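Below: the structure, in structure tokens.
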Amino acid sequence: MSDSVGLLLRRAGFGPTAVELAAARQAGYAAALSGLTAPPGPDVGATGAPIPDLGPDAYAGKRDLTYEEKVKLEDLRTAQTEQITEWWLNRMTVASHQAVEKLVFFWHGHWATSVKKVRSPQLMLSQHRTLRGAPDFTVMARRMVVDAALNHYLDGHLNTRQAPNENLARELCELFLLGIGNYTEKDVKEAGRALTGWRFSLTMGRSVFDPKAHDPGRKTILGRTANFTAQSLVDVLLTQETCPRFIATRLWFRYGSSTTPLPKGLQEKMVRAFPAPMAMLRVLLADEAFQATAGTMVKQPVEWLVGALRQLGVRPANLTPETRTAVLHDLENLGQLPFAPPNVGGWPSGGAWLTSAAAQVRLRLAGRIAEQAPVDQLTPESLAYLLGVDRWTNRTHAVLRGTQDRRQLLTLGLVSPEYLVT
């Protein structure tokens, strides 16, 4: 059962500390699951990492700028983007409600939007608040369809009745709500018409609706005909039987297995918990099918980094500015930087993170973390306890046993197969 509890804490959160893991094992699986998915009271740890106040976007209200002025504004945007990225990594590390924080990160990958195209850190942070604050998936979808960052990212501001743009409509159907094969090309075209008229305002920091650019005509979507708008379109998509099944599959893909299909019986149990994501996740984590997936998931770079920071007692906010910048640079080279997914499909999973190039970057980043860790005397056994590793293989144990330097021992533990795969 101890192995199952360890699996639960590693998958549901970013990586348990030794104290958290010991307490959960003593409490048992059911109690640990309840504590993760229904945490009592406010998140005490997260109070030390409040959401930053960036003020208005650098370009808000600005017109007829010189080249030099634009350079200064772009530098400010770059600094603010680094600020919110560092903040979120720190929040993930200090948060007491780890399953809640992990679920927010899951949604960021699901509604994948990148600041590299959006450019405005204010719009990205506004989207983050939406993902964090939505009480269920229904509310989240209704808010996200008119989210300024998502609309900008998928060219929604170019979508007019005279020249419909189908990017957002297509991804709503394919990646966000239904999944491939559960709609037609005609549905996408009609959905695009329903989404016309939305713009983003840097001054107001949100989307605004221009009725002159909206197509008010009747549209037929998934067999229903009406004068669809953005909200009524989402409501139709949410009522499709395929929607909760698709969301259940996406949760399984990130929490259960990226290679083994979601068992039909578990899928149906998760569907009954829709539209409450945490309830769906609780059903997933309680099922025997989840416990059978131990040792099959490769940690994503953010999961790996934040888990290491938590377990070694390193807080991003306490690092020097130079070290924080270096950590973000390494994380970007690993291919996963918060607020900057590679495309609308989000980040990959599984063996995609185990390239030879990534191994070199991970080794360098592990060394940076180890250098900051307030840990003195170490043995392979105490390191396993510290990192929440159930046991080292004989091969890894032999390598660790032959290492005398504390920093090197920590570094090798962090890049070991036993730590990278859960």
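None of these values were measured; they are calculated from a predicted model.
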Determine whether [X] and [Y] make a side-chain contact, defined as any pair of heavy atoms from C-beta on separated by less than 4.5 Å.
| X | Y | result |
| --- | --- | --- |
| N151 | L195 | no |
| L168 | N159 | no |
| H214 | T229 | yes |
| W353 | L334 | no |
| V100 | D43 | no |
| Q372 | V327 | no |
| Q291 | Y29 | yes |
| D57 | L123 | no |

Using the rule given for side-chain hydrogen bond (donor to acceptor under 3.5 Å, both in side chains), can you reason through D155 versus N167, listing the C-alpha separation, both sets of side-chain angles and the distance that settles it, and then say yes or no? CA-CA 7 Å; D155 304 320; N167 286 3; 2.8 Å; yes
Sequence neighbours excluded, the answer for side chain to side chain donor-acceptor pair (under 3.5 Å) partners of E101 is W88, R91, R132
Flag the pair H152 / H157 as yes when their ring centroid distance falls below 6.0 Å, and as no otherwise. yes
Determine whether the aromatic ring centres of residues F339 and W87 are separated by less than 6.0 angstrom. no
Trace of the side chain to side chain contact (heavy atoms under 4.5 Å, CB included) decision for E174 with Y183: CA-CA 8 Å; E174 179 177 329; Y183 57 90; 3.2 Å; yes
Anything under 3.5 Å between a donor and an acceptor, one on a side chain of residues 294-302, the other on a protein residue two or more places apart or in another chain? List them.
{"from": "T296", "atom 1": "OG1", "to": "T293", "atom 2": "O", "distance (Å)": "2.5"}
{"from": "K299", "atom 1": "NZ", "to": "Y419", "atom 2": "O", "distance (Å)": "2.8"}
{"from": "Q300", "atom 1": "OE1", "to": "Q336", "atom 2": "NE2", "distance (Å)": "2.6"}

Would you say [X] has more than 12 foreign heavy atoms packed within less than 6.0 Å of its [atom1]?
| X | atom1 | answer |
| --- | --- | --- |
| K116 | NZ | no |
| Q162 | CD | yes |
| K62 | NZ | yes |

Between R10 and E303, is there a side-chain N and carboxylate O pair less than 4.0 Å apart? no
Run the salt-bridge test on E74 and R119 with the 4.0 Å N-O cut-off and return the result as yes or no. yes
Take R77 and S120 through the side chain to side chain contact (heavy atoms under 4.5 Å, CB included) test and state the conclusion after the steps. CA-CA 7 Å; R77 275 183 161 182; S120 171; 4.0 Å; yes
Is the W111 ring parallel, tilted or perpendicular to the F176 ring (thresholds 30°, 60°)? tilted
Below 30° counts as parallel, above 60° as perpendicular, anything between as tilted: where do the rings of H110 and F106 land? parallel
Stepwise, does the side chain to side chain contact (heavy atoms under 4.5 Å, CB included) test hold for L89 with V306? CA-CA 7 Å; L89 288 172; V306 173; 4.1 Å; yes
Take R193 and E190 through the test salt bridge (Lys or Arg N to Asp or Glu O under 4.0 Å) and record every step on the way to the result. CA-CA 5 Å; R193 293 175 56 210; E190 296 286 86; 3.0 Å; yes
I'd like to know if the side chain of E166 reaches the main chain of K189, judged simply by a donor and an acceptor atom lying under 3.5 Å from each other, with no hydrogens or angles considered. no
Would you find a donor on one side and an acceptor on the other, under 3.5 Å apart, between the side chain of W252 and the backbone of T260? yes
Please test D187 against T184 for side-chain hydrogen bond (donor to acceptor under 3.5 Å, both in side chains), starting from the C-alpha separation and ending with a verdict. CA-CA 5 Å; D187 291 326; T184 67; 3.1 Å; yes
Shortest non-hydrogen contact between Q311 and L387, atoms and distance: NE2-O, 3.3 Å
Which heavy-atom pair separates P52 from I84 by the least distance, and what is that distance? CG-CG2, 4.1 Å
May I have the list of side-chain donor-acceptor pairs in residues 278-287 shorter than 3.5 Å, sequence neighbours left out?
{"from": "D287", "atom 1": "OD1", "to": "K269", "atom 2": "NZ", "distance (Å)": "2.6"}
{"from": "D287", "atom 1": "OD2", "to": "A289", "atom 2": "N", "distance (Å)": "2.9"}

